[in-house]
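To find a chain, count down the sequence lines: A is the first, B the second, and so on, and within it residues start at 1.
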2 protein chains.
Amino acid sequence: MTVERVPAGLVGATSHGHLLELIRAADGLSRQQLLSTTGMSRATLYERLDTLTRRGYIYEAEPLDSTGGRPSRKIRFEDRGRVVLAITLGQTHGTVSIADTAGRQLRSFTKTLDVSDPAESVLGPLIREGQALLAQGKNETLLGIGVSLPAPVEAGTGHVRHPTTLPGWAADSVVAAVNASWDLPLVVENDARAAGLGERRSDAETVVYVKVGTGIGCGIVVEGSILRGAHGAAGDIGHIRMTPDGPLCRCGRRGCLAAYSSGRALSEKLSARGFKNMAAIRAAAGAGDPAVLGALESAAEVLGSALAATVTTLNPDRLVLGGEVGSMDFFAQQVGERVLADVVDRIGEGLVVETGHQEDVAACSGLATLVMRKIFAPGAVDQVFSEEAVRTASGNPRR
Amino acid sequence: MTVERVPAGLVGATSHGHLLELIRAADGLSRQQLLSTTGMSRATLYERLDTLTRRGYIYEAEPLDSTGGRPSRKIRFEDRGRVVLAITLGQTHGTVSIADTAGRQLRSFTKTLDVSDPAESVLGPLIREGQALLAQGKNETLLGIGVSLPAPVEAGTGHVRHPTTLPGWAADSVVAAVNASWDLPLVVENDARAAGLGERRSDAETVVYVKVGTGIGCGIVVEGSILRGAHGAAGDIGHIRMTPDGPLCRCGRRGCLAAYSSGRALSEKLSARGFKNMAAIRAAAGAGDPAVLGALESAAEVLGSALAATVTTLNPDRLVLGGEVGSMDFFAQQVGERVLADVVDRIGEGLVVETGHQEDVAACSGLATLVMRKIFAPGAVDQVFSEEAVRTASGNPRR
DNA sequence: AACTTTCGTTTAAGCATTAGACATAAGTCC
DNA sequence: GGACTTATGTCTAATGCTTAAACGAAAGTT
């Protein structure tokens, strides 16, 4: 067993990082609150706050209401002008967004693409668009980059894993392409997982996000962290077997959920009736075409009964539907009804089934969260300060 | 938003607790290793180790192999003579165990009972047996108590929640009964969850534990922590609906998994053939009775296809079967075959399906883990030291 | 016996942290 | 407007934890 080295002495209990975490988590605190909650001495606390201010981590915000004397002023985490760049790749579209540290999309640019093209030709233009978007901002600091894409992604490395949907993409193609342009913290994540994380409203929530697009993807978020499973394949619900002998699935097996309820299955079913693509199907559904609604209804029925099992297993607070098919209100409503009908009261109580935000908005938010976590992981800020202390110490030896 | 008070200054980066965690996690380290991994000075480290030794948290163990000079001696976490008491309640039996800090059952006592009796009359005798078991040990220190039972349990409080299986049990009956006898850390947990935690082999593993007894329970363990879900109902897989119109379940709905594959369903099916109870069924299965094997096979088939969905959702390392029905090798094998047949390669790869340890052994191990976590939670040891420091400071004021 | 490595203790010095005091700022209350 | 209250900002001497360094002893290997 290996034991990692721990920087000693340099990181105290109420270290810079700890203070910053307190301030960030509480969405701002006054000096008095910090004094009482940390129990630190005034001198030390002020010195720390000074340093954090000088480094640009915090700033003094609006005064709080007076309780009879001089009002205290709130110390906030410095998020003004700090942005994250998010690239969200779909099968046919890609979006570059600039987001604030809370994951709100500030501005974005979407272009059409074919994700099955080589990585370079897909990512290159988006990265250039990202740089253009960044150039539009004034006094903005880019903190990090997040990329989501419709393929499995290895957690630690950000490597693309089974690039069947992305033929010819080398495992490290995303990491390499982004690193060539920016030397900043980078996260790469599967699209449904990023969107699922972006859809959660608090870290206490358990959310199941189901993306029904061409295929069926799923992101499960439990207490703020993404459920990955033993081999990173958790949430691969598209290939739950619904019937012993159902329609043939692309995976070569029969009766998979995706063979009933995916956008591809729908398209194939409806192409005979003249609906050429998803846009046509969505339009017809909006217009109330009975054939389309019927197809959606039966797709939703199968998906709903599968998700009932998922919901029973995980007992989430919310089940969020996204993707080109999943985001259709009619479809989502049908799924919701079926899920709630199939589930015992104890599980159904309090369960919310709904359509999510636009996918690039959700994924952008999730990616920003991941980037911020990478940068401000517990202790990470202290690492910065302690490394600096080491540098200073060796630069100015004590004796 | 409330901010908890943080003990300041008293807890350093390489605090007593941190050191103890290092030592415990590494299963023992030499002083030299501690010096290099923590980077502390010799004086400080030795002072800390002194204190920890005096408090009985660590001890000096066997010397390591020499690398050419004086051999270093291993410092170990003091677990000698430290025990945890575990009470594991089933429908018809209860077991009291004494376990070491790693959760190994040292000695135990099992008695028959009816868990639907009042809490007092169920727990009272077991607590007295526990005290008798403790009296048998020499130089043992009891660190805490764990109780598992076949009902939902509220996470933080240890309150019994929907005591339908335990009529007349007040929510706090377990907590009250144990606290009347011991003033020590106590954890109460659902039986399948405790057993699931006990079945995991490392904190990296994702384990799905399925208890098929009278009913069907499930404990999901992801990276060492129990998945509870929004309302604590995660893993309630017995009521996954398998067919729109299946046999009537006790819950009043039709087609639930439990109506196909639970011990109750099996008994009802086989009672017509003269098998009066589970013991008779187990015996007949062992003897190869075709009617029993047939019933088991179809029960396993339904359970297997349900668990295929669960496994697809969670992608666990292992699927462990327990309970009176689940622990039958024939049954477990049938389930395993069905799961692996229904699951895509990516999920099935590396998946192990197997029967678990005896249930009280597994639950005992899980409970011990929970008790140790409660006692040695990150920072908890430091809390002890810092409280002591505060007491000392106020007892002997500095000036 | 020489060498190597760990153990255990001691020193003075260094440094971060503290309590406390004091002055100032900026509100409320009458 | 004046008294009161509460928060901010800065300074000081005292305190006590942590460190580096040294040294002698212990316990192995070669």
Answer yes or no: side-chain N or O of B:Arg70 and base N or O of C:dT6 forming a donor-acceptor pair under 3.5 Å.
->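 It does, because a donor-acceptor pair links the side chain of B:Arg70 to the base of C:dT6 below 3.5 Å.
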
Report yes if a donor N or O on one partner sits less than 3.5 Å from an acceptor N or O on the other, where the partners are the side chain of A:Arg42 and the base of C:dG20; otherwise report no.
-> no

Please identify each residue that fulfils salt bridge (Lys or Arg N to Asp or Glu O under 4.0 Å) with B:Asp203, with sequence neighbours left out.
->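 Counting only residues at least two positions away or on another chain, B:Asp203 forms a salt bridge (Lys or Arg N to Asp or Glu O under 4.0 Å) with B:Arg200, B:Arg373.
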
List in chain and number order the residues that pass salt bridge (Lys or Arg N to Asp or Glu O under 4.0 Å) with B:Glu199, two or more places apart in sequence or in another chain; answer none if no residue qualifies.
-> none

Given atom [atom1] of [X] and atom [atom2] of [N], what is their separation to the nearest angstrom?
{"X": "A:Gln33", "N": "D:dT6", "atom1": "CD", "atom2": "C1'", "result": "14 Å"}
{"X": "B:Tyr46", "N": "D:dA26", "atom1": "OH", "atom2": "C1'", "result": "12 Å"}
{"X": "A:Asp65", "N": "C:dA26", "atom1": "CG", "atom2": "P", "result": "17 Å"}
{"X": "A:Leu45", "N": "D:dA7", "atom1": "CG", "atom2": "P", "result": "14 Å"}
{"X": "B:Arg73", "N": "D:dA27", "atom1": "CZ", "atom2": "P", "result": "7 Å"}
{"X": "A:Leu35", "N": "D:dA7", "atom1": "CG", "atom2": "P", "result": "10 Å"}
{"X": "A:His18", "N": "C:dT17", "atom1": "NE2", "atom2": "P", "result": "14 Å"}
{"X": "A:Glu47", "N": "D:dT12", "atom1": "CD", "atom2": "P", "result": "16 Å"}

Shortest side-chain distance from A:Met40, nucleotide among D:dT29, D:dT10, C:dT18 | C:dT18

Listed nucleotide nearest any side-chain atom of B:Ala43, set D:dA20, C:dG8, C:dT6 | D:dA20

Whether the side chain of [X] engages the backbone of [Y] through a donor-acceptor N/O pair (distance < 3.5 Å, no angle test) should be reported.
{"X": "B:Ser97", "Y": "B:Ala99", "result": "no"}
{"X": "A:Thr53", "Y": "A:Leu49", "result": "yes"}
{"X": "B:Arg82", "Y": "B:Leu142", "result": "no"}

Any cation-pi pair here, B:Arg80 with B:Tyr59, using under 6.0 Å and within 45°?
-> yes

Does B:Pro71 or A:Thr67 map to a spot on DNA chain C nearer the 5' end, using the closest nucleotide for each?
->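 Going by which nucleotide is closer to the 5' end, it is B:Pro71.
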
Could you tell me whether [X] contacts a base, only the sugar-phosphate backbone, or nothing, with contacts defined as non-hydrogen atoms closer than 4.0 Å?
{"X": "A:Ser41", "value": "base"}
{"X": "A:Thr44", "value": "base"}
{"X": "A:Gln32", "value": "base"}

If you measure only the distance, is there a donor-acceptor pair under 3.5 Å linking the side chains of A:Glu205 and A:Ser202?
-> no

Below 4.0 Å: OP1/OP2 of C:dA16 and any side-chain N or O of A:Arg48 |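 No, no such contact exists.
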
Give a yes/no answer on whether the side chain of B:Arg31 brings an N or O atom under 4.0 Å of OP1 or OP2 in C:dG8.
->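 Yes, B:Arg31 has a side-chain N/O under 4.0 Å of OP1/OP2 on C:dG8.
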
Between its two end axes (five pairs each) the helix from C:dA1-D:dT30 to C:dC30-D:dG1 turns, nearest 10 degrees, through 30°

First of B:Pro63 and A:Glu60 reached from the 5' end of DNA chain D, by closest nucleotide |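 Its nearest nucleotide lies further toward 5', so the answer is A:Glu60.
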
Exercise: identify the closest heavy-atom pair between B:Arg76 and B:Asp27 | NH1-O, 3.3 Å

